[in-house]
Colleague: 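Before we start, here is the structure in question, set down as C-alpha cells.
The figures that follow rest on heavy atoms only: side chains count, while hydrogens, waters and symmetry mates do not. When a residue number appears, it is its place in the shown sequence, counting from 1.
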Amino acid sequence: MSPHQPTSRPAAGAPGVPWNRQRLRSNNEWLLLELLRTGGGTSRSQLARDTGLSKPTVSAALADLEQAGLVREAGWVSPERGRTAVLYEVDPTAGHVLGVDIGRARLRVAVADLAGTVVARRDVANRGRTADAVADAVVAAAREATAEAGLGAADIVHAVIGTPGVWDEERRGVRYATSLPGWGRPGLFDRIGEGLGTAVTVANDANLAALGEYTLGAGRGSRMFAYLLVGTGLGLGVVKDGELLLGAHGALGEIGLVPLPALAGGQPGVEGAVGGPGAVGGPGGTTLEQEAAADAVVRAARKFGLEGSGGRQLTAKRVFELARAGDAAALRVVHWEAERLAYAVAVLSAVLDPDLLVLGGGIGSSADLLLEPLEQALGRFSPMRPTLAPSLLGEEAVLLGAVSTALETARPEVFERRTAQL
C-alpha cells in the first residue's frame with residue numbers, strides 16, 4: 001500500500017469478517033482515528049457531523065481511544081455561540097518507526113513518530129568493506145538514533161530499508177544490487193532485522209524515493225509519475241494513479257541493467273554519442289548504469305582532462321561543482337551525462353508514457369545543470385517528452401519514502417495492539 005493513502009481495515013460484514021458489536025465498535029474507533037490523523041484537532045461535535053455517528057457513540061469511542069493512548073486532548077475551541085468544546089488529536093508518541101537508506105557512499109537512518117515527524121536520525125559515510133560490515137554499520141546507526149530518541153528496540157513498531165536491487169523473498173536477499181558488492185548474499189537482511197530487534201520490510205530505493213516524492217514532493221497530483229534516481233547507481237520508480245508499479249517480479253524500473261547501444265561512436269565529446277567505448281548493445285556491452293552513474297561521470301571527466309586538485313579527490317559531486325563555477329571541461333561532462341540520461345528517459349517514455357519525470361539522487365540533485373541539456377538531447381532521441389522537474393526532497397527522498405511506508409504498516413498495528421487491551 002502506498003504511504004499517501006489512508007490505511008484501511010476490513011469492515012464488519014466484509015467477506016470473511018464476521019459481524020459483531022465489538023468489530024463495529026473497533027471500526028468506529030479506527031474511522032475517528034483516521035479522521036483525526038488527516039484533519040488535525042477536531043471536536044466531538046464535528047467528528048459526529050463528519051462521520052454521521054451519534055454524539056454518544058463518538059464520545060464513547062474517543063474515551064476508549066484516549067484510554068488506549070491513541071488520542072489526546074489538543075486544547076479548546078470557544079465558538080461565538082454554544083459551549084466551549086474540547087479538541088482531540090492523534091497522540092503521535094503511541095508508536096515509532098525506522099526508515100533506512102542504504103547507499104554505497106552514505107547510510108541514512110531516521111526514527112519517526114506516528115505523525116511522520118523525524119525525532120532522531122543518523123547520516124554517516126558507508127565505510128564497510130564487506131557486506132557484513134555494511135549490515136552491522138546499519139544496525140549501529142539505527143541503535144544510536146533510537147537511543148537518541150529516548151527509545152528502545154521494543155518501541156520501534158516497524159522498519160523499512162531502502163536498498164539498491166530487487167528483494168527476493170525466497171532467497172531472503174536482493175538481486176541486481178551491482179553498486180554494492182556482495183550485497184545479494186542471502187541472510188544479510190535477516191542479520192539486520194535480528195540486530196534491530198523489530199519487523200523489517202526491504203524495498204528498492206528508487207521505488208521508495210518515488211513514493212516519498214509523490215507523497216511529499218514534486219510528484220504530488222501526477223497521474224503517471226516517474227522518478228529517475230541517478231547516483232552511484234541508476235534506478236527508476238513509477239507511480240500510477242497513486243499506486244507504485246512493481247512488475248511481475250518486482251523488477252520494474254531496473255533500467256540501469258539495459259545495455260547501451262553505440263549510436264555514434266561513443267567517444268566523449270561527440271554530439272549525439274550515447275554508447276561508451278566498447279559498447280556493443282548486447283549482453284556483454286555497457287549498461288546504462290555503467291555509463292550514466294557516478295563512476296562513469298568521473299571516468300568521463302578524466303578523459304576530458306579533469307583531475308583532483310588541492311588534495312581533493314575527483315568525484316561526481318566535484319565535477320558538478322566545477323561545472324557550476326563555469327569550468328569548461330566540467331560543463332562538457334555535464335552535456336555528456338545529459339546525453340546518456342536522455343537515452344534512458346527516451347526508453348522509459350516510449351514504454352510508460354509518464355506525464356512527469358523527476359530527476360533525483362546524488363547526481364540528479366544537480367538538475368539545475370542537467371535539465372536544459374537533457375531536454376535538448378531528449379528532443380533528438382524521442383518525440384515523446386514528459387515534463388522534467390528536479391526533486392523537491394533531494395537526497396532525503398529514499399529515507400522519507402521508507403519512513404512513510406513504515407507508517408502504513410505501523411499505524412494499524414499500533415491500533416490493534418492498543419485497542420486489544422481495552
Colleague: Can you find a heavy atom in the side chain of Leu229 that is under 4.5 Å from one in the side chain of Val398?
Modeller: yes

Colleague: Walk me through whether Phe225 and Lys240 qualify under side-chain contact (heavy atoms from CB on, under 4.5 Å).
Modeller: CA-CA 6 Å; Phe225 154 67; Lys240 181 181 184 298; over 6 Å; no

Colleague: Can Glu89 and Arg72 be said to form a salt bridge (Lys or Arg N to Asp or Glu O under 4.0 Å), step by step?
Modeller: CA-CA 6 Å; Glu89 66 179 4; Arg72 63 189 182 188; 2.8 Å; yes

Colleague: Are Arg385 and Ser349 close enough that some pair of their side-chain heavy atoms sits under 4.5 Å apart?
Modeller: no

Colleague: Does a side-chain N-to-carboxylate-O contact under 4.0 Å join Arg121 and Glu148?
Modeller: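 Not counted as a salt bridge, because no side-chain N and carboxylate O are separated by less than 4.0 Å.
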
Colleague: Any donor-acceptor pair under 3.5 Å linking the side chain of Glu291 with the backbone of Thr286?
Modeller: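 Side chain of Glu291 to backbone of Thr286, a donor-acceptor pair under 3.5 Å: no, none is there.
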
Colleague: Checking Arg171 side chain against Gly184 main chain: does a donor-acceptor pair fall under 3.5 Å?
Modeller: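 The answer is yes, because a donor-acceptor pair under 3.5 Å joins these two groups.
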
Colleague: Using modelled atom types and a 3.5 Å cut-off, is there a donor and acceptor pairing between side-chain atoms of Thr419 and backbone atoms of Arg417?
Modeller: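 Checked: no pair found.
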
Colleague: When you compare the side chain of His249 with that of Val166, does any pair of heavy atoms fall below 4.5 Å?
Modeller: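 Result no, sub-4.5 Å side-chain heavy-atom pair not found.
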
Colleague: Taking atom types as modelled, find out whether Thr198 and His158 have a side-chain donor-acceptor pair closer than 3.5 angstrom.
Modeller: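 There is no such pair (donor and acceptor under 3.5 Å, judged by atom type) between the side chains of Thr198 and His158.
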
Colleague: Report the C-alpha separation of Arg380 and Glu339 in whole Å, then their side-chain angles, then the decisive distance to 0.1 Å, and conclude whether the salt bridge (Lys or Arg N to Asp or Glu O under 4.0 Å) test is met.
Modeller: CA-CA 10 Å; Arg380 294 193 296 272; Glu339 291 279 345; 2.3 Å; yes

Colleague: Looking just at side-chain N and O atoms, do Thr130 and Asp132 make a donor-acceptor pair shorter than 3.5 Å?
Modeller: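 Per modelled atom types, Thr130 and Asp132 side chains form no pair under 3.5 Å.
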
Colleague: Given the ring of Trp336, does Arg340 sit roughly above its face, with NZ or CZ under 6.0 Å from the centre of the six-membered ring and within 45° of the axis?
Modeller: yes

Colleague: What are the two closest heavy atoms between Ser179 and Pro164, and how far apart are they?
Modeller: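 Where Ser179 meets Pro164 most closely, the heavy atoms are OG-CG, 3.8 Å.
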
Colleague: Contact between Arg49 and Ser45 at the side-chain level, heavy atoms closer than 4.5 Å - yes or no?
Modeller: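 Counting from C-beta outward, Arg49 and Ser45 do come under 4.5 Å.
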
Colleague: With distance as the sole test, does Arg220 use its side chain to make a donor-acceptor pair with the main-chain N or O of Gly217 at under 3.5 Å?
Modeller: yes

Colleague: Within a 6.0 Å radius of atom CZ on Arg324, are there more than 12 heavy atoms belonging to other residues, nucleotides or ligands?
Modeller: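 Enclosed.
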
Colleague: Check Glu29 against Ala61 and note the closest heavy-atom contact, atom names and distance.
Modeller: CG-CB, 3.8 Å

Colleague: Any sub-3.5 Å donor-acceptor pair from Glu289's side-chain atoms to Gly233's backbone N or O?
Modeller: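 Not confirmed, Glu289 side chain does not pair with Gly233 backbone.
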
Colleague: State, yes or no, whether a side-chain contact exists between Met224 and Val238 at a heavy-atom distance under 4.5 Å.
Modeller: yes

Colleague: According to side-chain hydrogen bond (donor to acceptor under 3.5 Å, both in side chains), does anything in residues 135-144 pair up with another residue at least two apart or in another chain? List the pairs.
Modeller: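 Sorted result for residues 135-144: Arg122-Glu144, Asp136-Arg191.
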
Colleague: Could you verify whether a donor N or O on one side chain and an acceptor N or O on the other, from Ser222 and Asp355, lie under 3.5 Å apart?
Modeller: yes

Colleague: Quick one: do Trp167 and Phe189 satisfy ring pair (Phe, Tyr, Trp, His ring centres under 6.0 Å)? Show the steps, please.
Modeller: CA-CA 10 Å; Trp167 177 249; Phe189 288 90; 5.7 Å; yes

Colleague: Within a strict 4.5 Å, meaning less than it, do heavy atoms of the Phe415 and Leu65 side chains meet?
Modeller: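 They are in contact (side-chain heavy atoms under 4.5 Å apart), so the answer is yes.
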
Colleague: Can a side-chain donor-acceptor contact be found between Glu254 and Asn204 if the only test is distance below 3.5 angstrom?
Modeller: yes

Colleague: Using the salt bridge (Lys or Arg N to Asp or Glu O under 4.0 Å) criterion, which residues pair with Glu169? Sequence neighbours excluded.
Modeller: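 So Glu169 forms a salt bridge (Lys or Arg N to Asp or Glu O under 4.0 Å) with Arg172.
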
Colleague: In sequence, state the C-alpha distance, the side-chain angles, and the governing distance for Glu321 and Arg318, and then conclude on salt bridge (Lys or Arg N to Asp or Glu O under 4.0 Å).
Modeller: CA-CA 5 Å; Glu321 287 175 350; Arg318 179 59 179 157; 3.4 Å; yes

Colleague: Can Val403 and Val160 be said to form a side-chain contact (heavy atoms from CB on, under 4.5 Å), step by step?
Modeller: CA-CA 7 Å; Val403 167; Val160 170; over 6 Å; no

Colleague: Do Thr117 side-chain atoms and Asp113 backbone N/O form a donor-acceptor pair below 3.5 Å?
Modeller: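 No: the side chain of Thr117 does not pair with the backbone of Asp113.
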
Colleague: Is any side-chain heavy atom of Leu36 closer than 4.5 Å to a side-chain heavy atom of Leu62?
Modeller: yes

Colleague: Might you confirm whether atom CD of Glu73 has over 12 heavy atoms from other residues, nucleotides or ligands at distances under 6.0 Å?
Modeller: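 Yes, CD of Glu73 has more than 12 neighbouring heavy atoms, counting only those of other groups under 6.0 Å.
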
Colleague: Give the minimum heavy-atom separation between Gly116 and Leu407, together with the two atoms involved.
Modeller: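 Shortest heavy-atom contact: CA-CD1, 3.6 Å.
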
Colleague: With distance as the sole test, does Asp50 use its side chain to make a donor-acceptor pair with the main-chain N or O of Gly52 at under 3.5 Å?
Modeller: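 Not at all, since once roles are kept as given, no pair shorter than 3.5 Å links the two residues.
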
Colleague: So does Leu378 get a backbone contact from the side chain of Ser382, meaning a donor-acceptor N/O pair under 3.5 Å?
Modeller: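 Absent.
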
Colleague: So, Arg418 and Asp91, do they make that salt bridge, N to O below 4.0 Å?
Modeller: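 No salt bridge links Arg418 with Asp91.
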
Colleague: Kindly write out the residues that satisfy ring pair (Phe, Tyr, Trp, His ring centres under 6.0 Å) with Tyr176, not counting sequence neighbours, or none if the list is empty.
Modeller: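 Applying ring pair (Phe, Tyr, Trp, His ring centres under 6.0 Å) to Tyr176 gives none.
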
Colleague: Side chain of Thr215, backbone of Gly212: donor and acceptor closer than 3.5 Å?
Modeller: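 Not confirmed, Thr215 side chain does not pair with Gly212 backbone.
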
Colleague: Considering non-hydrogen atoms only, spot the tightest contact between Ala141 and Val109 and give its length.
Modeller: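 Scanning both residues completely, I find the closest heavy atoms to be CB-CG2, 3.9 Å.
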
Colleague: What closest approach, in Å, do Val97 and Ala410 show between heavy atoms, and which atom pair accounts for it?
Modeller: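 Shortest heavy-atom contact: CG1-CB, 3.3 Å.
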
